[in-house]
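Read through the structure below, which is laid out as structure tokens, and then see the notes.
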Amino acid sequence: MRPVYLVCGGVSKFAKARPEVTFQAMVKEAYDYALADLGLEFGKAAELVDASVASYFSDHFMRQLKAGSMVQDYLGLCPKPSRRVEGGGATGGLAFQSGWEAVASGRHELVLVYGWETMSRVNTWKGNEFIALASDANFDYPVGGFYTGYYAMMVVRHMREFGTSLEQMALVSVKNHGNAVHNPYAQKRTAVSVEQVRAAEMVAWPLTLLDVCVMSDGAAVVLLASEAGLARLERATGRRARPARVAGVGGGMDAMRMADRPRGEVMLLPHEKPGDYPGLKYPGVHSFRAGRMASKAAYAMAGIGDPAAELDFVELHDAYTSSEIQTYEDMGLARYGEGGRFVESGRPFLPGLDYGVALPEQGRLPVNPSGGLLACGHPVGATGLMQAVFALWQLQGSIGRHFGNERLQVRNARRGAIHSHAGTGTYVVVSILERAFP
Amino acid sequence: MADEKPAKLPESVEGKVLFNVPFPADLRQLKSMSPIVVMQPYRIDYIHSYGQDSPFFAGLANGRLLGTRCGACAYSYGTPRLHCMRCGAECEWIELPLEGSVHTFTVCHFGGEQFLKETPFVLILVEWPGVATLFLSRLAGVDCARPSLDWVGMKVRARFRRLSRFDPTDVYFVPA
Ligand SMILES: [Zn+2]
């Protein structure tokens, strides 16, 4: 397979509702930003881009089938080929990897991946109903389908198994909201305290309103290139690109019904040993086996032996504070059972920011420096691509230019991971990005 | 939150039906016009089949809780599957004990629109000794205002709705 580079990206404004634009125009906002950042003119881009991948989750939210073709024509990319990729909350990450495949295989030199979601078109509780239809509609949904409820059950088991505390979960919210204060793209830019998280309205015990991400309207795009594609862009723009190389990709799946997950042996990463987890029944409903599978494959491809030591930052799918803690463990940033203590240690916080809590090892491995889904928002089809864009800007050292301030810039970031996750850990993908310019 | 919220009338989408909107004489003003937002109702009746899982629902209507067991490898399913995930062989129907225990739970204070009026309600995953997988259900008869981790492991007993709906809520659990 050929090397694939992430060249540029753009993110639209994420908001609770964007009634002033249709979804096509929202994607164009992100696309125009990406092209301007690269110095490529619209008509020239339409000429150079070989193909696209459309990333959006729910047809229900729009009551418009085949919406991808409407974005393709709005961006002036017809008659170039396109396809849609869908996998619940992981749609963006899956679409990113689908774009990677199209370039790595040699089929295309330049592939645009665009994603969006317009979730404001129905009321919040109808929206929750649509999302819950991404659980087994015969056996799970009719019992009281509600995703926050599903994740609450998963973390209750995590608490029972490992002693994870409500305060540890709240610290994830403190961190991600605290980071987003400095991210102009974020939907929520208000710092919160542990006390505020616990005092917020209960959604599904033990998860409160501040443990849960919000629904959003938003769009994001990335441009992927082969070496030949990069040369094409550099000729057209007269500038040297500052890309990231996609050094590893991995994916995994688990059974749709949580009830069906086995209780067996832990799937080990290279830095773990048999015997590390005596008696632990895995994954049960406390861990995401698909996240472990995805991480393992991505690390193997990128040559990563100990992720906590070899990654400079991670943007992961924190739809819930609880699932961020569970994901630390699946990704091997902490051992199974130690995710709560990992956040308490301060390691996943950014150095140099004041979060109002004592953090003994603050900033060793920033996780969700952007503010993550909890604060940026979660316009499903755009989310995984937003992570890719923020990761690219980290690796370019260009956060200051894009955010208008340097506070969230991870110093000298050379390698990062992005992680995209769908309902209760069904589809999960992990991609590793490395700085690929001098 | 500690602060009192300001008094507010409840919001709903009911309101007047509008048949006209203002239009500027100067077309250049159109780009500063507010978006037109319209209500589009959407309702559909599906003719849905439970297929090979149908006996499960027939069981609930008759006060029987059914799971399955693989004829080839003996792996057993607390939520029925008619083909084994482990070996692909066809499974057989088995009757599950009416008494099990809580593997995990939550109290839902919100929900999808369809279930919002039923909140707060308790969701549980039920486990049985010797059955490899779990079953999602509701738990009635506990205090939703006092959830506790101690509920994990609680012995629970199945009850059946008298008037069947032919969905999985025809069975629910209560503390045993
Ligand atoms: Zn079998």
Side-chain angles (χ1 to χ4, degrees), chain A residues 17-22 60 63 121-133 135-160 195-196 199-207 209 255 257-263 284-286, chain B residues 1-2 11-13 34-37 40 42 48 50-51 53 56-57 75 77-81 85-86 102-116 118-127 132-138 144 147-153 165 167-169 172:
Chain A
R18 300 278 319 265
E20 76 287 5
V21 282
T22 62
H60 289 55
R63 218 186 72 168
R121 283 1 187 213
V122 296
N123 76 56
T124 300
W125 306 115
K126 182 55 91 179
N128 269 284
E129 192 179 300
F130 287 168
I131 291 167
L133 284 169
S135 61
D136 187 317
N138 286 354
F139 287 95
D140 289 349
Y141 172 78
V143 182
F146 184 37
Y147 255 102
T148 308
Y150 299 157
Y151 279 87
M153 283 191 283
M154 298 184 99
V155 79
V156 162
R157 195 66 209 182
H158 199 274
M159 291 162 76
R160 177 71 181 218
E195 295 69 31
Q196 281 172 317
E201 199 163 8
M202 191 59 71
V203 180
W205 192 86
L207 301 173
L209 216 47
R257 299 192 297 233
M258 283 193 286
D260 289 349
R261 312 271 169 93
R263 284 170 279 164
V285 299
H286 53 74
Chain B
M1 302 280 167
E11 298 283 350
S12 81
V13 292
S34 301
I36 293 178
V37 179
Q40 288 184 332
Y42 184 52
H48 182 76
Y50 287 129
D53 297 334
F56 170 77
F57 297 92
Y75 200 75
Y77 295 93
T79 309
R81 298 181 80 96
M85 272 197 295
R86 296 212 311 181
V102 173
H103 182 76
T104 189
F105 75 94
T106 182
V107 182
C108 292
H109 294 271
F110 291 94
E113 193 174 66
Q114 187 185 337
F115 307 107
L116 209 48
E118 299 168 20
T119 57
F121 57 83
V122 178
L123 295 179
I124 55 172
L125 285 167
V126 184
E127 65 176 24
T133 74
L134 311 168
F135 180 70
L136 177 67
S137 194
R138 295 242 192 141
C144 286
S148 151
L149 272 191
D150 295 338
W151 289 6
V152 174
R165 294 177 174 182
D167 75 27
T169 62
Y172 58 98

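Residue numbers start from 1 in every chain, and the chains themselves are labelled A, B, ... in the order their sequence lines are given, proteins ahead of strands.
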B:Ser137, part contacting chain A, at a heavy-atom distance under 4.5 Å: backbone
Honestly, the part of B:Tyr75 sitting under 4.5 Å from a heavy atom of chain A is side chain
Bottom line for B:Ile124: the part with an atom under 4.5 Å from chain A's heavy atoms is backbone
For the residue pair B:Glu127 and B:Leu134, establish whether any side-chain heavy-atom pair is separated by less than 4.5 Å. yes
Under 4.5 Å between any side-chain heavy atoms of B:Phe115 and A:Tyr141, yes or no? yes
Out of B:Phe121, B:Trp151, B:Phe135, return the one with the most heavy atom pairs under 4.5 angstrom to chain A. B:Phe121
Between A:Met202, A:Glu20, A:His286, who has the most heavy-atom pairs with chain B when the cutoff is under 4.5 Å? A:Met202
Among B:Arg86, B:Met85, B:Glu118, B:Gln40, residue most engaged with chain A (heavy-atom pairs, under 4.5 Å): B:Gln40
Any side-chain heavy atom of A:Val156 within less than 4.5 Å of one from A:Trp205? yes
What I'd like to find out is whether the side chain of B:His103 reaches to under 4.5 Å of the side chain of A:Val285, using heavy atoms alone. yes
Donor-acceptor pair, side chain of A:Glu201 and main chain of A:Leu209, under 3.5 angstrom: no
Taking the side chain as C-beta and beyond, is there a heavy-atom pair between B:Phe110 and A:Thr148 under 4.5 Å? no
Of all of A:Pro206, A:Ala204, A:Gly144, which one pairs up most often with chain B through heavy atoms under 4.5 Å apart? A:Gly144
So, are A:Asp140 and A:Arg257 salt-bridged, with charged N and O less than 4.0 Å apart? no
Using heavy-atom distances under 4.5 Å, tell me whether B:Leu123 contacts chain A through its side chain, its backbone, both, or neither. both
Against chain A, label B:Pro80 side chain, backbone, both or neither, depending on which of its atoms sit under 4.5 Å from a heavy atom there. both
Taking the side chain as C-beta and beyond, is there a heavy-atom pair between B:Tyr50 and B:Asp167 under 4.5 Å? yes
Is it the case that the ring center of A:Tyr151 lies less than 6.0 angstrom away from the ring center of A:Phe146? no
Report the option among B:Val152, B:Thr169, B:Leu125, B:Leu116 that has the most heavy-atom pairs separated by less than 4.5 Å from atoms of chain A. B:Val152
Would you mind checking which part of A:Arg121 comes under 4.5 Å of any heavy atom in chain B, side chain (CB onward), backbone (N, CA, C, O), both or neither? neither
Chain B heavy atoms under 4.5 Å from A:Arg157: which part of the residue, side chain, backbone, both or neither? both
Counting heavy-atom pairs under 4.5 Å to chain A, which of B:Asp53, B:Thr104, B:Val126 comes out on top? B:Thr104
Can you tell me which portion of A:Asn123 sits under 4.5 Å from chain B's heavy atoms? Options are side chain, backbone, both or neither. side chain
Contact between A:Met153 and B:Leu136 at the side-chain level, heavy atoms closer than 4.5 Å - yes or no? yes
Per-residue tally against chain A (heavy atom, under 4.5 Å) across B:Gly111, B:Cys108, B:Pro168 peaks at B:Gly111
